[in-house]
Amino acid sequence: MAQNESEGKASTRLLRAAAALLLAGLVTVGCSGEPEAAKEETVATLPTQNITEASFGCISDLTPVDRFFVGNLNGDLDATVAVASAAEGGVYPVGSVVQLVPTEVMVKREAGFNPVTKDWEYFDLDISAAGTKILTRGADEVKNRFGNSCQDCHVKAAPQFDLICKTDHGCDPIPINDVMIRALQKTDPRCEAQPLTTEEADGLKQLQAALAI
């Protein structure tokens with residue numbers, strides 16, 4: 001009889017222990033909802049992390065500042081315009097697009113993209129009425145249509161201007177004048193046709209001859 005009672009008590013203790021373990025397991029699952037390993041944070045991809053040919057269109061759809069155009073692929077246009085317009089310069093926000101002529105673009109990439117170019121990425125484009133084709137892209141290895149390194153020109157800008165060249169920023173003069181620049185901007189085939197002045201038409205002819213187009 002005593003033995004049966006002892007065995008009964010031992011069985012009760014085992015059942016209670018099992019119940020306690022089961023309850024603890026249920027509480028843990030109930031609090032977590034699902035195992036930590038199964039949880040993944042969803043992080044939105046910024047447009048600057050997925051730049052394609054569709055990222056670039058008609059140059060005049062951008063915002064004019066001085067003699068070039070600016071935009072922001074990530075939507076922070078006001079901040080980009082503020083820096084581009086500031087006489088004292090400044091650091092452009094990520095996503096900034098700077099474009100002087102339709103076939104060349106600079107985009108400010110995420111911090112750490114390339115310290116040599118202050119995180120700017122250069123693009124050489126082929127453009128037509130059908131759209132945009134990226135010919136080359138990257139950092140200091142990209143060259144313009146005259147065979148010159150984009151970085152070699154922009155690196156001469158005074159430090160406060162974040163590698164952006166204006167006529168008074170310290171960069172070497174480019175081989176095209178303001179008349180030619182306006183003509184190129186107006187004849188971007190991705191844009192609606194814009195009339196050229198006689199001076200602009202003549203400048204465009206001179207540029208085409210220089211490039212043997």
Side-chain angles (χ1 to χ4, degrees), residues 48 51 55-111 113-125 127 136-188 190-191 194 196-197 199-200 202-204 206-207 210-211:
T48 45
I51 298 175
S55 302
F56 307 113
C58 168
I59 188 172
S60 60
D61 285 344
L62 300 176
T63 301
V65 176
D66 195 68
R67 59 178 183 167
F68 56 89
F69 290 83
V70 301
N72 192 296
L73 296 180
N74 294 341
D76 199 5
L77 178 60
D78 289 345
T80 297
V81 171
V83 176
S85 305
E88 68 277 12
V91 177
Y92 283 75
V94 175
S96 292
V97 175
V98 177
Q99 194 165 12
L100 179 65
V101 295
T103 56
E104 299 175 16
V105 187
M106 294 172 66
V107 178
K108 188 74 166 187
R109 299 296 306 276
E110 299 73 23
F113 170 75
N114 192 303
V116 174
T117 64
K118 294 188 176 180
D119 299 321
W120 287 102
E121 184 173 12
Y122 301 107
F123 293 80
D124 179 35
L125 309 176
I127 58 175
T136 57
R137 61 182 291 182
D140 51 337
E141 72 275 14
V142 179
K143 297 181 178 181
N144 62 22
R145 298 301 172 88
F146 293 95
N148 300 320
S149 164
C150 298
Q151 175 68 5
D152 286 351
C153 174
H154 287 275
V155 74
K156 294 182 180 180
Q160 68 268 31
F161 297 118
D162 199 18
L163 293 190
I164 297 302
C165 294
K166 289 186 181 180
T167 55
D168 59 350
H169 285 187
C171 304
D172 292 337
I174 58 177
I176 56 177
N177 58 36
D178 286 350
V179 173
M180 294 176 179
I181 291 171
R182 289 197 303 271
L184 287 172
Q185 292 171 344
K186 286 185 175 182
T187 55
D188 184 338
R190 300 165 299 178
C191 307
Q194 299 183 54
L196 298 178
T197 66
E199 185 182 30
E200 290 167 350
D202 289 342
L204 189 59
Q206 294 172 23
L207 180 58
L211 292 174

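Owing to the predicted nature of the structure, the values given are computational and were not obtained by experimental measurement.
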Under 4.5 Å between any side-chain heavy atoms of [X] and [Y], yes or no?
X      : Y      : answer
Thr117 : Arg109 : no
Leu100 : Ile174 : yes
Leu163 : Gln151 : yes
Cys150 : Met106 : no

Please find the pair of heavy atoms, one from Val116 and one from Asn114, that lie closest to each other, and give the distance.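 Scanning both residues, the minimum pair turns out to be N-OD1, 2.9 Å.
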Looking at every heavy atom in both Ala183 and Thr187, which two are closest together, and how far apart are they?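 Between these two residues, the closest heavy atoms are O-OG1, 2.7 Å.
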Partner residues of Phe69 under the ring-ring contact (aromatic ring centres under 6.0 Å, His included) criterion, sequence neighbours left out: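 For Phe69, no residue satisfies ring-ring contact (aromatic ring centres under 6.0 Å, His included) once neighbours in sequence are set aside.
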Got a donor-acceptor contact below 3.5 angstrom from the Gln99 side chain to the Pro102 backbone?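 Pair found, side chain donor or acceptor close to backbone of Pro102.
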Ignoring hydrogens and geometry, is there a side-chain-to-backbone donor-acceptor pair from Glu141 to Ala139 under 3.5 Å?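 Yes, Glu141 side chain to Ala139 backbone: donor-acceptor pair under 3.5 Å.
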In a single word, yes or no, tell whether Cys171 and Cys165 have an SG-SG distance below 2.5 angstrom.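 Yes.
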By salt bridge (Lys or Arg N to Asp or Glu O under 4.0 Å) - contacts of [X] (at least two apart):
X      : answer
Asp178 : Arg67
Lys186 : Glu200
Asp119 : none

Taking only residues at least two apart or on different chains, which pairs with a member in residues 154-166 satisfy salt bridge (charged side-chain N to carboxylate O under 4.0 Å, His left out)?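 Passing the test, one end in residues 154-166: Lys108-Asp162, Lys156-Asp172.
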Could you give me the CA-CA distance, side-chain angles and deciding distance for Ile59 and Ile127, then say whether side chain to side chain contact (heavy atoms under 4.5 Å, CB included) is met? CA-CA 11 Å; Ile59 188 172; Ile127 58 175; over 6 Å; no
Can you list, pair by pair, the side-chain donor-acceptor contacts under 3.5 Å of residues 77-86, counting residues two or more places apart and other chains?
| from | atom 1 | to | atom 2 | distance (Å) |
| --- | --- | --- | --- | --- |
| Thr80 | OG1 | Asn72 | ND2 | 2.9 |
| Thr80 | OG1 | Asp76 | O | 3.4 |
| Thr80 | OG1 | Ser96 | OG | 2.7 |
| Ser85 | OG | Val81 | O | 2.8 |

What residue pairs, at least two apart or across chains, pass ring-ring contact (aromatic ring centres under 6.0 Å, His included) with a residue in residues 78-105?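 Applying ring-ring contact (aromatic ring centres under 6.0 Å, His included) to every pair that reaches into residues 78-105, excluding sequence neighbours, yields Tyr92-Trp120.
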Among residues two or more places apart or on two chains, list those pairs meeting ring-ring contact (aromatic ring centres under 6.0 Å, His included) that have a residue in residues 149-182.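 Those involving residues 149-182 are Tyr122-His154, Phe161-His169.
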Just to verify, what does Asp152 make a side chain to side chain contact (heavy atoms under 4.5 Å, CB included) with, not counting sequence neighbours?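 Result, side chain to side chain contact (heavy atoms under 4.5 Å, CB included) vs Asp152: Ser149.
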How many angstroms lie between atom [atom1] of [X] and atom [atom2] of [Y], to the nearest 0.5 angstrom?
X      : Y      : atom1 : atom2 : result
Arg137 : Leu125 : CZ    : CG    : 10.5 Å
Thr197 : Glu199 : OG1   : CD    : 5.5 Å
Thr103 : Phe56  : OG1   : CZ    : 12.5 Å

Partner set under side chain to side chain donor-acceptor pair (under 3.5 Å) for Asn74, not counting sequence neighbours: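 Expected list: Thr48.
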Under the side chain to side chain donor-acceptor pair (under 3.5 Å) test, which residues partner Asp124, sequence neighbours left out?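 Asp124: side chain to side chain donor-acceptor pair (under 3.5 Å) contacts with Arg145.
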With sequence neighbours excluded, tell me which residues meet disulfide bond (SG atoms under 2.5 Å apart) with Cys58.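 Partners of Cys58 under the disulfide bond (SG atoms under 2.5 Å apart) test: Cys191.
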